[in-house]
Asks: 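Input: one structure, supplied below.
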Protein chains: 2
Amino acid sequence: MNKCEQCIVRQFSSLKALTKDELVKMAECKTSYTIKKGEAIFEEGEVTNGIYCVKDGVCKMTKLSANGKDQIVKLIKAGELLGQRSMISDEPANLSAIALEDMEVCFIPKAEVMQFFNENNQFSMNVMKTICNDLKDADDQMVAMAQKTVKERLAETLLYLEDTFGKNTDGTLHIQLSREELAGMIGTATESCIRLLSEFNKNEYIELIGKKIAIKDRNKLKRLAD
Amino acid sequence: MNKCEQCIVRQFSSLKALTKDELVKMAECKTSYTIKKGEAIFEEGEVTNGIYCVKDGVCKMTKLSANGKDQIVKLIKAGELLGQRSMISDEPANLSAIALEDMEVCFIPKAEVMQFFNENNQFSMNVMKTICNDLKDADDQMVAMAQKTVKERLAETLLYLEDTFGKNTDGTLHIQLSREELAGMIGTATESCIRLLSEFNKNEYIELIGKKIAIKDRNKLKRLAD
DNA sequence: CTAAATCTATGACAAATATCATATAAATTA
DNA sequence: TAATTTATATGATATTTGTCATAGATTTAG
């Protein structure tokens with residue numbers, strides 16, 4: 001059993017407010033999992049009864065829409081927590097969490113989290129601020145979906161992906177998304193997404209290197225995205 | 001100065017968790033406002049430094065998008081609180097709150113709210129649950145914007161408006177939205193919204209009575225909305 | 001009450017986007 | 001390795017949606 005106290009990623013989440021004692025307690029009740037790329041941590045409608053702390057890897061939070069397409073609502077990376085909203089609302093998960101890379105996550109049962117919640121004001125405040133931030137992002141994204149064109153949203157998303165997940169030495173986006181997944185993020189058909197990537201490629205805003213994407217002209221993309 | 005203790009609408013919000021003493025304290029620090037239809041309670045970017053409790057009336061929460069259109073993110077009615085997210089995040093308002101009818105609202109300064117927050121666990125839990133609910137709604141709405149057609153979103157919205165705000169004796173929706181505002185809710189051009197309303201009218205899903213809208217066939221609308 | 005402004009409505013057309021078909025490239029499996 | 005599946009790419013076309021123009025209806029202001 002690894003000690004939570006020595007786990008670096010906790011510094012990046014609400015958990016940074018926990019005391020040494022609380023961390024020891026958490027280490028005792030947590031369960032560690034390895035999740036393979038493509039596997040679900042949990043799925044929409046599932047009762048989770050706790051939260052997950054992402055130690056390594058990235059996952060997508062998706063929702064299946066009536067037309068059968070998976071909409072990617074957000075991406076979660078190492079250091080972030082999963083399932084906080086469902087836990088607080090006391091509801092089944094509203095979104096599925098699917099690994100985009102091999103992941104390491106720790107599960108912390110609801111009972112313990114709620115105890116930290118009640119005893120540690122800073123922790124609960126941190127969680128609340130995180131959720132408030134998620135709400136702001138969701139509102140903004142909703143407006144983008146409603147008011148921006150697919151082209152604008154693609155430009156915006158490419159910049160977000162580079163800013164959030166960085167790039168490889170060859171300049172390609174570090175995060176590996178299929179065209180279908182990228183389309184699922186911007187809310188469009190896969191073919192439309194591919195077509196616009198080709199267009200961006202021709203215009204030299206980006207470069208397509210096999211399945212990978214390298215951003216060539218941030219400014220032009222930024223201007224496009226508004 | 002009216003007593004918060006005797007105010008019925010507090011029962012419908014997170015404030016229901018407050019004790020008698022806390023309510024007395026709140027009554028002493030609150031400010032009451034009358035807001036005329038069309039006026040703003042606060043605007044996007046404004047620092048609010050507190051929350052508003054809606055005593056009467058309905059307002060729209062909007063965000064101005066880059067193309068100059070106002071997207072309506074949500075509607076708030078009597079009994080609900082406004083500005084909680086900004087207060088907790090310690091940020092300027094992300095959305096504008098504009099009265100759709102004449103309103104009565106009470107402003108409660110941040111300092112007092114935060115004190116209740118720290119001293120009354122049930123209250124802070126209520127606020128948190130409300131925000132979690134807002135987050136779920138926002139995520140769902142985002143997916144709807146991305147994946148549903150304008151027609152589906154219009155059908156969905158009409159049902160939501162009847163369910164949430166009720167109807168008049170003649171069957172028309174009680175809430176008064178202009179075609180432009182309705183378009184702003186579903187995220188489309190005003191003309192497209194009007195055109196679809198005409199179509200729904202021809203198909204007898206709804207009836208247009210002047211500027212008012214009456215739902216005639218809930219089932220067909222529901223089937224359309226998915 | 002009348003004139004002006006605003007809102008609702010509709011036609012004509014343009015632009016954006018989705019769908020279907022098909023080809024090629026890449027990855028996976030037998 | 002060959003065969004099969006899956007992912008990417010692109011053309012052709014249909015559908016959806018937006019934009020511009022205009023007209024009538026309603027509301028507002030003088």
Side-chain angles (χ1 to χ4, degrees), chain A residues 36-38 65-71 100-101 144-158 172-173 175-203 206-214 224-226, chain B residues 36-38 65-71 100-101 144-158 172-173 175-203 206-214 224-226:
Chain A
K36 286 247 159 61
K37 177 175 174 170
S65 77
N67 60 19
K69 282 187 193 166
D70 266 319
Q71 174 73 26
L100 288 174
E101 320 167 341
M145 287 294 177
Q147 303 284 357
K148 291 191 174 178
T149 64
V150 174
K151 196 184 283 190
E152 289 167 341
R153 291 183 338 247
L154 176 58
E156 191 176 38
T157 300
L158 291 173
T172 57
L173 295 179
I175 191 167
Q176 284 272 32
L177 291 174
S178 70
R179 302 293 190 258
E180 189 179 2
E181 285 169 328
L182 188 55
M185 279 195 80
I186 65 181
T188 191
T190 307
E191 298 94 320
S192 300
C193 175
I194 289 174
R195 235 180 279 276
L196 286 172
L197 284 173
S198 295
E199 187 187 321
F200 284 6
N201 187 37
K202 262 181 209 122
N203 295 347
I206 64 173
E207 190 185 350
L208 296 177
I209 303 170
K211 301 190 174 185
K212 295 192 172 181
I213 302 168
L224 242 183
D226 280 335
Chain B
K36 287 248 160 60
K37 178 175 174 171
S65 76
N67 61 19
K69 283 188 191 163
D70 264 321
Q71 174 73 26
L100 288 175
E101 318 167 342
M145 288 292 177
Q147 302 285 356
K148 290 190 175 180
T149 63
V150 174
K151 195 184 285 190
E152 290 167 340
R153 282 168 4 230
L154 175 58
E156 190 175 40
T157 300
L158 290 173
T172 57
L173 295 179
I175 190 167
Q176 284 270 33
L177 290 173
S178 68
R179 301 293 191 256
E180 189 179 3
E181 285 168 329
L182 188 55
M185 277 195 80
I186 64 181
T188 190
T190 306
E191 297 95 321
S192 300
C193 176
I194 289 174
R195 233 180 280 276
L196 286 171
L197 284 173
S198 296
E199 187 187 320
F200 284 6
N201 187 37
K202 261 180 210 127
N203 296 345
I206 64 173
E207 190 186 350
L208 296 177
I209 304 170
K211 300 190 174 183
K212 295 193 172 181
I213 302 169
L224 242 184
D226 281 336

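The shown structure was predicted, so the numbers you read here are calculated from the model rather than taken from an experiment. In the text below, chain A, chain B and the rest are named by the order of the sequence lines, each starting its count at 1.
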Asks: Any chance you could measure B:Thr149, atom OG1, to B:Glu152, atom CD, to the nearest 0.5 Å?
Replies: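 The distance works out to 3.5 Å.
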Asks: In whole angstrom, give the distance that lies between atom CE of B:Met145 and atom P of C:dT17.
Replies: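 Those two atoms, CE and P, are 15 Å apart.
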Asks: If you measure from CD1 on A:Ile186 to NZ on A:Lys151, what distance do you get to the nearest 0.5 Å?
Replies: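 Reported value, rounded in 0.5 Å steps: 12.0 Å.
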Asks: Could you give the start and end, 5' to 3', of the contact zone on DNA chain D for chain A, using atoms under 4.0 Å from its heavy atoms?
Replies: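 Extent of the interface on DNA chain D: D:dA7 to D:dA12.
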Asks: Pick the closest DNA chain D nucleotide for A:Leu197 and for A:Ala146 by heavy atoms, then say which residue is nearer the 5' end.
Replies: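 Taking each residue's closest nucleotide, the earlier one in sequence belongs to A:Leu197.
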Asks: Below 3.5 Å between N/O atoms, which protein atoms pair up with nucleotides 10-15 of chain C? Just atom names and distances, please.
Replies:
unit_1: C:dT10; atom_1: OP2; unit_2: B:Ser198; atom_2: OG; d: 2.4
unit_1: C:dG11; atom_1: N7; unit_2: B:Arg195; atom_2: NH1; d: 3.0
unit_1: C:dG11; atom_1: O6; unit_2: B:Arg195; atom_2: NH2; d: 3.0
unit_1: C:dA12; atom_1: N6; unit_2: B:Arg195; atom_2: NH2; d: 3.4

Asks: In Å, rounded to the nearest 0.5 Å, how long is the span from CG of A:Leu173 to CD1 of A:Ile209?
Replies: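 One finds 10.0 Å between CG of A:Leu173 and CD1 of A:Ile209.
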Asks: If you count every heavy atom of other residues, nucleotides or ligands that lies below 6.0 Å from B:Glu199 atom CD, does the total exceed 12?
Replies: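 Buried by this count: over 12 neighbours within 6.0 Å.
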Asks: Can you tell me how far apart CD (B:Gln147) and CD (A:Gln71) are? Round to the nearest 0.5 Å.
Replies: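 Here the rounded value is 4.5 Å.
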Asks: Side chain to side chain contact (heavy atoms under 4.5 Å, CB included), that's the test. Do B:Leu154 and B:Thr188 meet it? Break it down for me.
Replies: CA-CA 10 Å; B:Leu154 175 58; B:Thr188 190; over 6 Å; no
Asks: A:Glu180 has an atom CD; how far is it from atom P of C:dA18, in whole Å?
Replies: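 In whole Å, C:dA18 P and A:Glu180 CD are 14 Å from each other.
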Asks: Please determine whether the number of non-hydrogen atoms from other residues, nucleotides or ligands lying under 6.0 Å from atom CD of A:Glu207 exceeds 12.
Replies: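 Yes, the 6.0 Å shell around CD holds more than 12 heavy atoms from other groups.
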Asks: If every non-hydrogen atom of B:Arg153 is compared with every non-hydrogen atom of B:Ala144, which pair is closest and at what distance?
Replies: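 Here B:Arg153 and B:Ala144 meet closest at CD-O, 3.4 Å.
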Asks: For the side chain of B:Lys148 and the backbone of B:Ala225, is there at least one donor-acceptor N/O pair under 3.5 Å apart?
Replies: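 Pair found, side chain donor or acceptor close to backbone of B:Ala225.
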Asks: Just how far, in rounded Å, is P of C:dT8 from CD of B:Glu181?
Replies: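 It works out to 9 Å between those atoms.
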Asks: May I have the step-by-step check of side chain to side chain contact (heavy atoms under 4.5 Å, CB included) for B:Leu208 and B:Ile213, ending in yes or no?
Replies: CA-CA 5 Å; B:Leu208 296 177; B:Ile213 302 169; 3.9 Å; yes
Asks: Can you find a heavy atom in the side chain of B:Glu191 that is under 4.5 Å from one in the side chain of B:Arg195?
Replies: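 Heavy-atom side-chain distance check passes, below 4.5 Å.
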Asks: Could you list by number each residue of residues 206-213 of chain B showing a heavy-atom separation from DNA chain C of less than 4.0 Å, or answer none if no residue does?
Replies: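 Hits under 4.0 Å, by residue number: B:Leu208, B:Lys211.
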Asks: Using a heavy-atom cut-off of under 4.0 Å over every strand shown, decide if A:Lys69 touches base, sugar-phosphate, or nothing.
Replies: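 Sugar-phosphate, no base atom in range.
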Asks: To the nearest Å, give me how far apart NZ (A:Lys37) and C1' (C:dA27) are.
Replies: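 Result: 11 Å.
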